[in-house]
Amino acid sequence: MSDAVVMTGAEVRIGGRRIVGPLDLEIGAGERWVLLGPNGGGKTTALSLMGARRQPSAGTVEVLGERLGRTDVRALRPRIGHVSHRVADALRGDATVMDTVLTGRDATLVTWWQHFDHGDVGRAHRLLATIGCDELSARRLETCSLGERQRVLIARALFGEHELFLFDEPAAGLDLPARERLLEAMTAVTEVTSVLATHHLEEIPPTATHAALLRDGRVVASGPIDDILVGAQLSDCFGMPIVVDHDDGRWRARAAR
């Protein structure tokens, strides 16, 4: 499989009004993409198409080789891992961090009616250790900070061995230390196709390979990240003069004086 996501003329309409599209975008297997753009640009809606959570109103969307509208999304969705505040809010707050990670195997919200052996628990511990959260394994999810919960969701997604990871503004609301710990955890997702939606270049992990700029529901530029995250294109996308800095694998942006 050469492409994980292929959108061709994809549109989403609500109440007869087009809110996204037409979108034309190809995300190759193993690539790590960033979707950037202003509020209302269409990033979250694009992710909902990629996650098979929404059907296109027009055009075609293929995810992991399956065309939406012609496949059973109940079988497709467990192949996709999600990290977002919406997922965190849907999980049971009184479940332990360990149980939360274990739900990632079958993309469920609870571990009821499921069997996990010592190997499953051991692998969950190792994943939590990788993202610096193993000491939280016995804690209730609702007692964890926002940043801790976002890292636990990454471990949950990794435990599910998904073929595609979608990150919807995972660093929103985090302070500087929590954001940096989250980005460190996100660098663990290097062998799986991933797509991150964010407003801020500072939230892009150094492992990102490609970027797409969205404005008014359309892709205005896409390609290798070094070719896309330049001042002129970001200025056009955000509608103001922007200066971009890039060093040590990290990106920064500020308004031009």
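The structure presented is a predicted model; accordingly, all values stated were derived computationally and were not measured.
Judged by distance alone, with hydrogens and angles left aside, the side-chain atoms of E31 form a donor-acceptor pair with the main-chain N or O of G28 at under 3.5 Å. At least one donor-acceptor pair under 3.5 Å links the side chain of K43 to the backbone N or O of P38. Between the side chain of R67 and the backbone N or O of E62, no donor-acceptor pair lies under 3.5 Å. The backbone N or O of T96 sits less than 3.5 Å from a side-chain atom of T100, completing a donor-acceptor pair. Panel note: side chain R140, backbone A95; no donor-acceptor pair is recorded below 3.5 Å. Distance alone, capped at 3.5 Å, places no donor-acceptor pair between the T45 side chain and the G42 backbone. Checking side-chain atoms of D168 against main-chain N and O of T44 turns up no donor-acceptor pair under 3.5 Å. Looking at E184, its side chain never comes within 3.5 Å of a backbone N or O of R181 through a donor-acceptor pair. A donor-acceptor contact shorter than 3.5 Å links the side chain of R32 to the backbone of T207.
Evaluated for a side-chain contact (heavy atoms from CB on, under 4.5 Å) with V73, the options Q55, R53, E66 yield exactly one hit, Q55.
With 3.5 Å as the limit, one finds no donor-acceptor pair spanning the side chains of E169 and T198. Using modelled atom types, one finds a donor on one side chain and an acceptor on the other under 3.5 Å when comparing H199 with N39.
Side-chain contact between R54 and V12 is present, with at least one heavy-atom pair separated by less than 4.5 Å. Using a 4.5 Å heavy-atom threshold, the side chains of E26 and M7 count as separate. In this structure, the side chains of R252 and D247 come closer than 4.5 Å at one or more pairs of heavy atoms. No side-chain heavy atom of L196 sits less than 4.5 Å from a side-chain heavy atom of W33. Considering only heavy atoms from C-beta on, E148 comes within 4.5 Å of R139 through its side chain.
Aromatic ring orientation, F165 versus H162: perpendicular (interplanar angle above 60°, classes split at 30° and 60°).
The residues R250 and D245 are annotated as not salt-bridged, no charged nitrogen and carboxylate oxygen being separated by less than 4.0 angstrom. Using a cut-off of 4.0 Å between Lys/Arg side-chain N and Asp/Glu carboxylate O, R179 and E202 are scored as not salt-bridged. Between R218 and D216, no side-chain nitrogen of the basic residue sits less than 4.0 Å from a carboxylate oxygen of the acidic one, so the salt-bridge criterion is not met.
In this structure, the separation between CZ on R254 and CG on L201 is 12.5 Å, given to the nearest 0.5 Å.
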Side-chain polar contacts of residues 221-235 - donor-acceptor pairs under 3.5 angstrom, sequence neighbours left out - could you list them?
from, atom 1, to, atom 2, distance (Å)
Q233, NE2, D227, O, 2.9
Q233, NE2, I228, O, 3.2
S235, OG, G231, O, 2.6
S235, OG, M240, O, 3.4
S235, OG, I242, N, 2.8

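No chain of hydrophobic side-chain contacts below 4.5 Å, direct or via other Ile, Leu, Val, Met, Phe, Trp or Tyr residues, connects L64 to V6.
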